[in-house]
Amino acid sequence: MSKGVTSQSKDYAKWYTDVVQKAELADYAPVKGCMIIRPYGYALWENIKSNLDKMFKDTGHVNAYFPLLIPEEFIKREAEHVEGFAPEVAVVTHAGGKKLEKPYVLRPTSETIIWSAYKKWINSYRDLPLLINQWANVIRWEMRTRLFLRTTEFLWQEGHTAHETAEEAKAEAIKMINVYKKLAEEYLAMPVYVGTKTENEKFPGAVETYSIEALVGDKKALQSGTSHYLGQNFAKAFDVKFQNKSNEQEYVYASSWGVSTRLVGGIIMTHGDDKGLILPPKIAPHQIVIIPIYRDDSDKNKVMNLWKKIETTLKEKNIRFKFDNREELTPGFKFNEWEMKGVPVRVEIGPRDADRNGVVTVRRDNREKKFPSLEEFLENITNLLDTIQKDMFSKQLKFREENTFDITNYDELKEVVEKGGYARTFWAGDSELEDKIKDETKATIRCELFEKTKESGKCFYTGKDSEVQVIISKAY
RNA sequence: CGGGAUGUAGCGCAGUCCGGCAGCGCACUUCGUUCGGGACGAAGGGGUCGAAAGUUCAAAUCUUUUCAUCCCGACCA
């Protein structure tokens with residue numbers, strides 16, 4: 001691994017791609033816009049995935065798998081859906097050495113193929129709710145791509161639920177966006193705003209879209225998860241009816257929701273610094289890294305004896321650790337390498353520590369160095385990881401608060417867009433006005449906030465009274 | 001698809017203007033000394049100079065064509 005990365009202040013975009021590659025999260029693939037997720041990056045995704053999957057199970061969802069290939073005709077059934085996705089779907093036209101009579105699209109999302117199956121599975125209100133999730137890859141042909149943030153192929157999960165009533169389906173969508181908020185805040189240490197997308201920004205085919213919006217290191221918004229109340233749009237497109245309790249045929253109400261490998265990009269940009277990644281302990285592939293230091297065999301024996309005492313306890317405490325005993329590298333090199341990879345705690349054990357029966361610990365997030373006794377260390381390590389997790393969240397929450405500005409007019413919006421961060425204000429404009437603002441400032445309404453700072457106020461642009469409070473920012 | 005740039009060892013680059021043995025740094029291999037913040041020495045290995053055609057005694061270098069990638073815009077989770 002070569003030295004260092006481009007500094008954030010010099011070139012944030014370059015810093016980002018440097019970190020992704022030098023921390024060995026991902027590499028470029030031979031296909032434009034695609035990436036190879038390397039073992040360290042995949043381990044990170046697996047940790048996100050396993051925590052989230054548990055939350056899905058806890059909320060009554062089950063996993064299934066639907067095909068990658070979707071009959072092209074399916075995508076076209078829902079008018080808004082086809083219009084929204086047409087530019088970015090890849091189509092398979094040839095197979096088996098022949099041109100296909102009916103082409104397939106590579107799924108950009110699975111609503112259509114899933115609802116074609118739901119038609120077969122749903123007959124009565126007794127079949128509802130149907131709460132299915134799938135972990136899958138999807139393909140969206142984007143014009144411009146960036147590792148993790150926007151790739152042609154990406155990994156995600158998509159939940160697709162079917163319900164008896166509009167209220168229930170909508171409640172499901174809101175429940176799941178809050179699951180995402182919990183994931184982001186408690187596991188990824190990323191504070192997020194939660195709200196409703198405007199008509200301009202919502203998912204094609206949805207009645208309403210909800211999102212979580214993070215604020216990353218260069219003060220731009222990152223949409224990190226979405227959840228949709230689909231109404232009866234897909235049920236109508238695929239003719240999915242059920243017999244309700246009054247013995248009538250009725251279209252089913254739906255929700256869908258997803259988060260993707262984009263979250264990995266969010267973690268990198270939320271926490272990283274000029275030394276590389278900083279990972280939250282709950283999802284870090286290695287929560288601590290232990291680096292032995294010795295020069296001769298007698299030192300080595302002492303250090304290895306110390307390590308044996310540590311290893312057993314770490315296993316008992318279920319801590320994910322890495323013992324880096326590579327002989328050919330100096331400790332200094334390893335310090336830098338594991339800092340690049342964002343391991344939350346570094347533990348140094350050398351002859352001096354062995355002599356006093358202690359260790360040296362260094363936190364990645366604030367670089368705090370301590371010299372605890374072995375006993376203190378083993379007793380406090382779990383607490384230390386918890387503390388780091390909380391401190392990382394607090395730091396980012398403070399950063400977000402410092403970069404959220406309440407505005408009252410258009411000039412103030414332009415100022416906020418100029419310096420970065422969120423502009424928070426009331427909004428009474430329409431779709432056209434939103435487009436105009438986007439054209440003029442490059443900023444968009446990220447969402448209409450669920451949690452408003454006050455009940456109502458005046459729209460910053462039209463001056464009309466409004467009960468809709470929004471955040472506006474440039475976004476990834 | 002428009003505007004800009006770049007393709008030479010795994011990575012980063014020099015060499016191209018003015019044609020003449022394909023180089024440098026890092027990484028890699030072996031041995032020895034090192035090891036508490038990116039160690040040092042010695043000896044090695046690694047190339048279809050993006051691709052094709054042309055000019056020439058001779059092409060990384062000149063000409064033509066072509067492909068790819070990156071950055072800036074329009075699209076997007």
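Numbers restart at 1 for each chain; the letters A, B, ... are given by sequence-line order, proteins then strands.
Listed for the A:Glu24 side chain is no donor-acceptor partner under 3.5 Å among the backbone atoms of A:Arg38.
A:Arg146 has its CZ atom 18 Å from the P atom of B:U69, to the nearest Å. Across the protein-nucleic acid pair, A:Glu328 atom CD and B:U30 atom P stand 10 Å apart, rounded to whole Å. Summarising the geometry, the separation between OH on A:Tyr12 and P on B:C71 is reported as 16 Å, rounded to the nearest angstrom. Distance, A:Gln21 CD to B:G12 C1': 12 Å, rounded to whole Å. The nearest whole Å value for the distance from the CD atom in A:Glu337 to the C1' atom in B:C35 is 16 Å. Rounded to an integer number of Å, the gap from CG of A:Leu329 to P of B:U33 is 18 Å.
Among residues at least two apart or in separate chains, salt bridge (Lys or Arg N to Asp or Glu O under 4.0 Å) pairs with a member in residues 188-200 of chain A are A:Lys197-A:Glu213, A:Glu199-A:Lys202. Among pairs with a residue in residues 175-197 of chain A, those fulfilling ring-ring contact (aromatic ring centres under 6.0 Å, His included) read A:Tyr193-A:Tyr422, at least two apart in sequence or across chains. For residues 266-283 of chain A, the side chain to side chain donor-acceptor pair (under 3.5 Å) pairs, not counting sequence neighbours, are A:Asp273-A:Arg364.
Every residue two or more places apart in sequence or in another chain was checked for a ring pair (Phe, Tyr, Trp, His ring centres under 6.0 Å) with A:Phe377, and none qualifies. Judged as a salt bridge (Lys or Arg N to Asp or Glu O under 4.0 Å), and not counting sequence neighbours, the contacts of A:Asp58 are A:Lys54. Among residues two or more places apart in sequence or in another chain, the ring pair (Phe, Tyr, Trp, His ring centres under 6.0 Å) test is passed with A:Tyr104 by none. Residues forming a ring pair (Phe, Tyr, Trp, His ring centres under 6.0 Å) with A:Phe238 (at least two apart in sequence, or on another chain): A:Phe74. With sequence neighbours excluded, the residues satisfying ring pair (Phe, Tyr, Trp, His ring centres under 6.0 Å) with A:Trp257 are A:Phe56, A:His61. Remark: A:Lys175 engages no residue in a side-chain hydrogen bond (donor to acceptor under 3.5 Å, both in side chains) (not counting sequence neighbours).
Counting only N and O atoms by type, the side chains of A:Glu448 and A:Thr196 include no donor and acceptor under 3.5 Å apart. In this model, no donor atom of one side chain and acceptor atom of the other lie less than 3.5 Å apart for A:Glu415 and A:Tyr410. Side-chain contact annotation: A:His81 with A:Glu83, donor-acceptor N/O pair under 3.5 Å absent.
Between the side chain of A:Glu339 and the base of B:G37, a donor-acceptor pair under 3.5 Å is found. The base of B:G36 has none of its N or O atoms less than 3.5 Å from a complementary donor or acceptor on the side chain of A:Arg295.
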Restricting both atoms to N or O, compile the protein contacts to nucleotides 4-8 of chain B shorter than 3.5 Å, with distance only.
none

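Atom P of B:C21 sits at a distance of 13 Å from the matching atom of B:U61, rounded to the whole Å. Between B:U48 and B:U8, the distance separating the two P atoms is 12 Å to the nearest Å. Taking the P atom of each, B:G23 and B:A9 are spaced 13 Å apart, rounded to whole Å. Distance noted for atom P between B:G10 and B:C75: 39 Å (whole Å). Taking the C1' atom of each, B:A68 and B:G25 are spaced 26 Å apart, rounded to whole Å.
Counting only heavy atoms from C-beta on, A:Arg352 has its side chain closest to B:G36 among B:C70, B:G36, B:G37. Of the listed nucleotides (B:C75, B:G36, B:G37), B:G36 has the atom at the smallest distance from the side chain of A:Pro351. When distances run from any side-chain atom of A:Lys442 to the nucleotides B:C75, B:G73, B:A39, the shortest one goes to B:G73. Candidate nucleotides B:G38, B:C35, B:C75 were compared by shortest atom distance to the side chain of A:Asn336, and B:G38 ranks first.
Mapping A:Glu327 and A:Glu88 onto RNA chain B via the closest heavy atom, the residue that lands nearer the 5' end is A:Glu327.
In this structure, A:Glu348 reaches the bases: a heavy-atom distance under 4.0 Å links it to at least one base atom across the strands shown.
At a non-hydrogen distance threshold of 4.0 Å, A:Val360, A:Arg367 from residues 359-374 of chain A come into contact with RNA chain B. Contacts of residues 36-56 of chain A with RNA chain B (heavy atom under 4.0 Å): none.
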